[in-house]
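To keep things clear, I will list the structure first and then write my remarks on it.
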Amino acid sequence: MSKRFISINGNDFTAMVLAGADNLRRNVERVNGLNVFPVPDGDTGTNMNLTLTAGCEELKKKPSSHIGKAADALSKGLLMGARGNSGVILSQLFRGFAKHVHDLESVNVQQFAAALQQGVETAYKAVVKPVEGTILTVSKEAAKHAVQYRRGGDHLDFMQEVLTKAKEALARTPEQLAVLKQVGVVDAGGQGLVCVYEGFVAALSGGDCEVTDDYATMDTTIGEVSLVPGMNLAKEVHAHMPAQAHLATEDIEFGYCTEFMLTIAPGKVKGLTFDEGRFRDQLSKLGDSLLVVADEELVKVHIHAEYPGEVMNQAMNYGALSRIKIENMRDQHSHILEDMAEGYEAPESFAAPTLAVQAPSKAYGFVAVALGDGITDILSSVGVDVVLSGGQTMNPSTEDIVKAVNSIDAQTIYVLPNNSNIILAAQQATELVEGKTLIVIPSKSIPQGLAAILPSKRRPMPRRIRKP
């Protein structure tokens with residue numbers, strides 16, 4: 001017989017969150033497979049998992065039986081570790097929750113419900129253009145029924161009711177968002193939230209999560225779909241494909257998922273002060289899926305943009321950037337299609353899918369200088385072929401740059417020094433490279449280097465050719 005919870009303290013809340021995180025972790029690939037909105041990049045589960053993991057790490061560092069303090073620790077960890085659209089929204093759901101329980105040592109059912117509702121309100125405020133049929137809708141409908149709950153004071157019964165309503169809301173998401181109905185899936189972020197709530201119920205009941213696929217997919221017999229040019233499979237195999245396979249890479253309008261933290265520095269630009277509303281308006285012109293979360297000193301930004309350098313240039317007027325993450329979503333979607341084509345086993349009645357072979361060489365290549373694994377990963381993700389380790393106190397030699405240039409199978413190589421101390425060595429390398437054109441872009445910082453390599457309205461970048 002399960003324990004009755006008339007009130008929940010910080011220890012109980014921590015157990016619920018850890019169980020929710022564990023259940024989400026075990027269902028990452030399942031959630032990733034549903035991800036088609038706002039772009040079909042297949043990483044919603046991964047982003048939510050990394051976000052919640054960061055929150056759990058902070059929660060473990062600052063354990064407390066005071067639910068207000070425990071929720072504050074979780075909220076801080078989530079905000080700093082938030083990744084992707086759904087990850088940022090998840091962080092805001094618990095940020096609002098934490099604000100409501102801030103001064104409370106324990107909460108009853110009514111207080112927990114009110115905290116869920118404040119979380120929903122906080123999340124909706126963070127999203128510049130909220131879209132229904134997403135994690136926002138699932139959280140809203142679950143919180144609405146939580147506030148109306150009148151069946152008693154036991155938290156297990158209450159949370160089971162919240163989970164049921166969340167699943168019902170999730171099942172309706174395809175009727176609210178056309179792309180979900182087109183592909184035949186429910187919202188990935190909403191499914192991720194349901195996984196978290198399943199963990200909450202498991203923690204309260206003292207058992208394991210009982211996960212079913214009742215709400216994971218709809219009837220998927222919707223006719224022929226095209227995976228890549230020249231590849232068509234009939235509707236009978238539709239259900240065996242990842243959801244992203246039914247959408248085209250070229251339909252992604254804004255190609256770079258861009259995230260960073262902005263530390264506000266008053267007076268950085270004379271006469272310019274930070275105003276959250278104005279800042280939102282400025283960034284909203286540069287992309288979509290914009291989320292801005294601000295307090296007195298820090299601003300968390302998430303946006304899908306075609307020119308991430310312009311977004312960061314706008315933000316740098318107000319302070320310093322950190323925790324920069326830029327991901328090429330077109331690349332992510334292409335990889336999903338390629339991996340699926342390579343590993344897919346077609347039924348006997350269908351021919352095996354094939355991809356056209358393209359030449360392995362390319363017209364352009366890039367060498368950049370950076371210090372640290374994080375910046376190296378960012379530069380690699382946006383197309384830099386070789387990243388040399390270096391910076392203000394550790395400069396690569398001209399020979400290092402020449403070797404890097406010669407290792408790239410391209411006719412023209414751009415070099416991004418990203419530091420004023422390295423520009424001269426890079427320019428000297430132009431005299432030593434034979435058979436290739438070496439062009440030095442005199443970038444003096446990482447943001448300048450990123451702005452140079454990412455596509456801009458002034459200089460269209462060549463499309464990189466990938467082997468099948």
Side-chain angles (χ1 to χ4, degrees), residues 5 7-10 12-14 16-17 20-21 48 51-52 54-56 58-59 62 64 66-82 85-132 134-150 153 155 158-159 161-166 169-170 189-190 192-194 196-197 199-201 204 276-277 280 291-296 298-300 302:
F5 288 87
S7 64
I8 288 178
N9 62 20
D12 302 322
F13 179 70
T14 297
M16 292 167 65
V17 172
M48 292 184 74
T51 300
L52 194 50
C56 289
E58 193 67 24
L59 197 53
K62 300 178 180 178
S64 177
H66 189 288
I67 193 170
K69 293 179 180 178
D72 283 343
L74 174 67
S75 176
K76 179 183 176 182
L78 291 174
L79 178 61
M80 299 304 292
N85 238 33
S86 296
V88 176
I89 292 173
L90 184 68
S91 74
Q92 293 311 290
L93 290 173
F94 283 104
R95 186 185 189 200
F97 183 99
K99 287 182 178 179
H100 189 84
V101 303
H102 178 75
D103 297 320
L104 302 176
E105 289 191 17
S106 61
V107 296
N108 58 28
V109 164
Q110 288 73 31
Q111 291 167 322
F112 195 98
L116 290 177
Q117 179 60 37
Q118 186 162 344
V120 170
E121 294 168 2
T122 302
Y124 267 85
K125 288 177 182 177
V127 181
V128 175
K129 295 180 180 179
V131 176
E132 298 301 333
T134 65
I135 182 176
L136 288 171
T137 306
V138 175
S139 63
K140 179 178 69 176
E141 291 301 314
K144 174 183 176 181
H145 288 281
V147 173
Q148 297 172 347
Y149 182 80
R150 295 290 185 274
H155 274 272
F158 162 76
M159 199 64 227
E161 179 74 8
V162 171
L163 174 59
T164 297
K165 297 303 180 182
L170 178 64
L193 183 63
V194 165
V196 174
Y197 285 170
F200 283 12
V201 170
L204 292 171
E276 184 177 348
R280 286 170 181 263
L291 295 98
V292 177
V293 181
D295 58 22
E296 292 77 12
L298 287 175
V299 184
K300 174 75 176 184
H302 169 282

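Along the sequence shown, residues carry numbers from 1.
S75 places no side-chain N or O within 3.5 Å of a backbone atom of D72 that could act as its donor or acceptor partner. The backbone N or O of G10 lies less than 3.5 Å from a partner atom in the side chain of T14, making a donor-acceptor pair. Between the side chain of R280 and the main chain of V292, a donor-acceptor pair closer than 3.5 Å is present.
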Would you check, one step at a time, whether the test side chain to side chain contact (heavy atoms under 4.5 Å, CB included) holds for M159 with V162? CA-CA 5 Å; M159 199 64 227; V162 171; 3.6 Å; yes
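With a 4.5 Å cut-off on side-chain heavy atoms, N85 and T134 do not count as touching. Proximity of H100 to V107: side-chain heavy atoms (C-beta onward) are nowhere separated by under 4.5 Å. By the 4.5 Å heavy-atom criterion applied to side chains, V101 and Q111 are not counted as neighbours. Side-chain contact between L193 and L90 is present, with heavy atoms from C-beta onward closer than 4.5 Å. Residues L74 and E58 have side chains not in contact (no heavy-atom distance under 4.5 Å, counting atoms from C-beta outward). By the 4.5 Å heavy-atom criterion applied to side chains, H155 and D12 are not counted as neighbours. Taking the side chain as every heavy atom from C-beta outward, L78 and L52 approach each other to under 4.5 Å. Side-chain contact between L163 and F200 is absent, with no heavy atoms from C-beta onward closer than 4.5 Å.
Among all heavy-atom pairs drawn from G190 and L170, the shortest one is C-CD1, 3.6 Å. Heavy atoms only, all atoms of each residue included: I89 and L291 are closest at CG1-CD2, 3.6 Å. Minimum heavy-atom separation, F97 to L116: CD1-N, 3.9 Å. Contact detail for K62 and A73: the closest heavy-atom pair is CB-CB, 4.1 Å. L79 approaches S91 most closely through the heavy-atom pair N-CB, 4.1 Å. Residues Q117 and A143 approach most closely at OE1-CB, 3.7 Å, considering heavy atoms.
Listed by first and then second residue, the salt bridge (Lys or Arg N to Asp or Glu O under 4.0 Å) pairs involving residues 135-148 are E132-K140 (not counting sequence neighbours).
Checked options L104, L204, N108; the residue passing with I8 is L204 (criterion: side chain to side chain contact (heavy atoms under 4.5 Å, CB included)).
Taking the ring centroids of F112 and F5, they lie at or beyond the 6.0 Å cut-off.
By the neighbour-count criterion of 12 heavy atoms within 6.0 Å, atom NZ of K300 is densely surrounded, having more than that number from other residues, nucleotides or ligands.
The distance from atom NE2 of H66 to atom CG of N9, rounded to the nearest 0.5 Å, is 10.5 Å.
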